[in-house]
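Below is one structure; the comments refer to it alone.
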Amino acid sequence: MSIFDLAPAYIRAIAPYQPGKPISELAREMGLDASSIVKLASNENPLGISPLARRAVEAVLGELARYPDGNGFELKQALRERYGVASDSIVLGNGSNDVLDLAARAFLTPGDEAIYSQHAFAVYPLAVQAIGARGIEVPARDYGHDLDAMRSAITAKTRLVFIANPNNPTGTMVNASALESFLASVPPSVLVVLDEAYNEYLPRDVAFDSLAWLERYPNLVITRTFSKVYGLAGLRVGYAFASREGADLMNRVRAPFNVNSVALAAAAAALKDTDFVRKSYELNRAGMKQVTTGLAALGLEYIPSYGNFVSFRVLNAADVFQRLLKFGVIVRPIASYGMHYHLRVSIGLESENTRFLESLQQAIA
Ligand SMILES: *Cc1c(COP(=O)(O)O)cnc(C)c1O
């Protein structure tokens with residue numbers, strides 16, 4: 001008997017998450033200078049960490065022998081001030097990935113069903129599978145969530161629905177009225193996890209206030225992150241807003257010190273750096289235009305995106321990915337999302353976008 005046989009079948013069936021290739025790994029493999037590599041593979045903020053967050057990180061270093069504040073008082077306070085959500089309706093996580101896991105652990109048992117869309121964020125099936133619950137993947141419509149079909153997929157066994165808005169890796173979004181009709185139509189026995197990792201990147205003309213729904217829908221959980229526009233992906237910090245009861249349940253399954261003290265301090269400071277967020281937003285708007293214009297000029301189709309990345313169509317995606325690596329440009333293959341003819345590229349600095357487009361032109365020649 002191998003140790004493999006000791007794990008339940010649903011654990012053995014898990015296909016591990018495939019992260020973007022780290023710069024250091026490509027540098028090793030190709031003998032490239034790390035500083036010459038452009039990584040546009042994980043939707044990170046090309047401006048780096050906010051100056052206010054950096055200062056907060058430096059200030060907390062002397063305290064690292066102490067355990068963090070397990071309740072994250074200051075960060076919750078900062079979130080409360082910013083968004084008007086009570087501290088006991090907030091769940092902090094080691095990245096929002098952690099919070100998505102907490103939702104699955106708090107609300108699913110083996111045999112329950114959880115619904116998500118085809119081409120949706122890979123963490124949903126992973127979180128569901130780790131419980132031994134059944135993931136129901138609903139076919140996408142034009143690469144986006146088909147909310148009507150997702151509503152129809154709800155059965156007596158359904159406990160959870162995941163919605164990524166905007167979705168990664170497709171960049172698609174569902175508008176406020178479609179989402180609200182969906183929420184109104186979902187039975188109160190089903191938890192709706194609305195993953196808004198890219199919320200701060202939503203163009204002003206389509207952005208809307210989902211937090212207002214929390215009062216009306218106690219089965220709603222909204223997750224957000226400091227990994228994207230706030231530039232703190234390496235620190236791992238995210239959060240959920242929920243009803244008080246929902247947050248309480250998720251906090252019960254949370255590891256006692258799941259968010260470290262550096263992350264807590266940096267996130268609270270980053271939240272106040274509105275200047276940095278505005279700059280990041282504007283850089284992304286301009287970069288999105290640059291990249292999509294460039295893709296179109298190369299004759300490549302892309303899926304219009306509301307995030308800080310865009311997925312474009314190439315017939316030989318795996319080859320193009322490899323050729324780009326040789327030029328020192330890392331993008332993201334998304335075959336594991338059922339998208340065999342697409343690659344995803346994150347929006348970078350103007351110079352990085354240019355380097356990507358020039359390399360791509362050669363890679364597809
Ligand atoms: C990046 C991303 C997250 C955030 O992950 P963290 O764990 O917070 O770094 C969550 N959802 C989606 C859809 C994402 O793309």
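Heavy-atom basis, side chains included; hydrogens, waters and symmetry copies ignored. All ligand and atom numbering here is 1-based and tracks the order in the structure.
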Q.
As a quick check of understanding, evaluate salt bridge (charged side-chain N to carboxylate O under 4.0 Å, His left out) for R244 and D248, giving each step before the final call.
A. CA-CA 6 Å; R244 193 173 297 122; D248 175 31; over 6 Å; no
Q: Dump the intermediate steps for side-chain hydrogen bond (donor to acceptor under 3.5 Å, both in side chains) on E113 and T155, then the final yes or no.
A: CA-CA 8 Å; E113 291 175 1; T155 71; 2.9 Å; yes
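In terms of protein heavy-atom proximity, atom 7 (O) of ligand 1 is closest to R236 NH2, 2.6 Å. D195 OD2, 2.6 Å is the protein heavy atom nearest to atom 11 (N) of ligand 1. Considering only non-hydrogen protein atoms, atom 1 (C) of ligand 1 sits nearest to K228 NZ, 1.3 Å.
The atoms of ligand 1 that sit less than 4.0 Å from any heavy atom of S227 are 6 (P), 8 (O), 9 (O). The ligand atoms of ligand 1 that sit less than 4.0 angstrom from a heavy atom of A197 are 2 (C), 3 (C), 10 (C), 11 (N), 12 (C), 14 (C). Of all atoms in ligand 1, listed by their number and element, those nearer than 4.0 Å to a heavy atom of N168 are 13 (C), 14 (C), 15 (O).
Counting only N and O atoms by type, the side chains of S261 and E63 include no donor and acceptor under 3.5 Å apart. For Y143 and N167, the side-chain atoms include no donor-acceptor pair closer than 3.5 Å.
Test L26, I37, V331 against K21 for side-chain contact (heavy atoms from CB on, under 4.5 Å) and you get one pass: L26.
Here's the thing with S96: one of its N/O atoms is less than 3.5 angstrom from an N/O atom of ligand 1.
At a heavy-atom cutoff of 4.0 Å, ligand 1 is contacted by the side chain of Y198 but not by its backbone.
Residue E215 places its CD atom among 12 or fewer non-hydrogen atoms of other residues, nucleotides or ligands, all under 6.0 Å distant.
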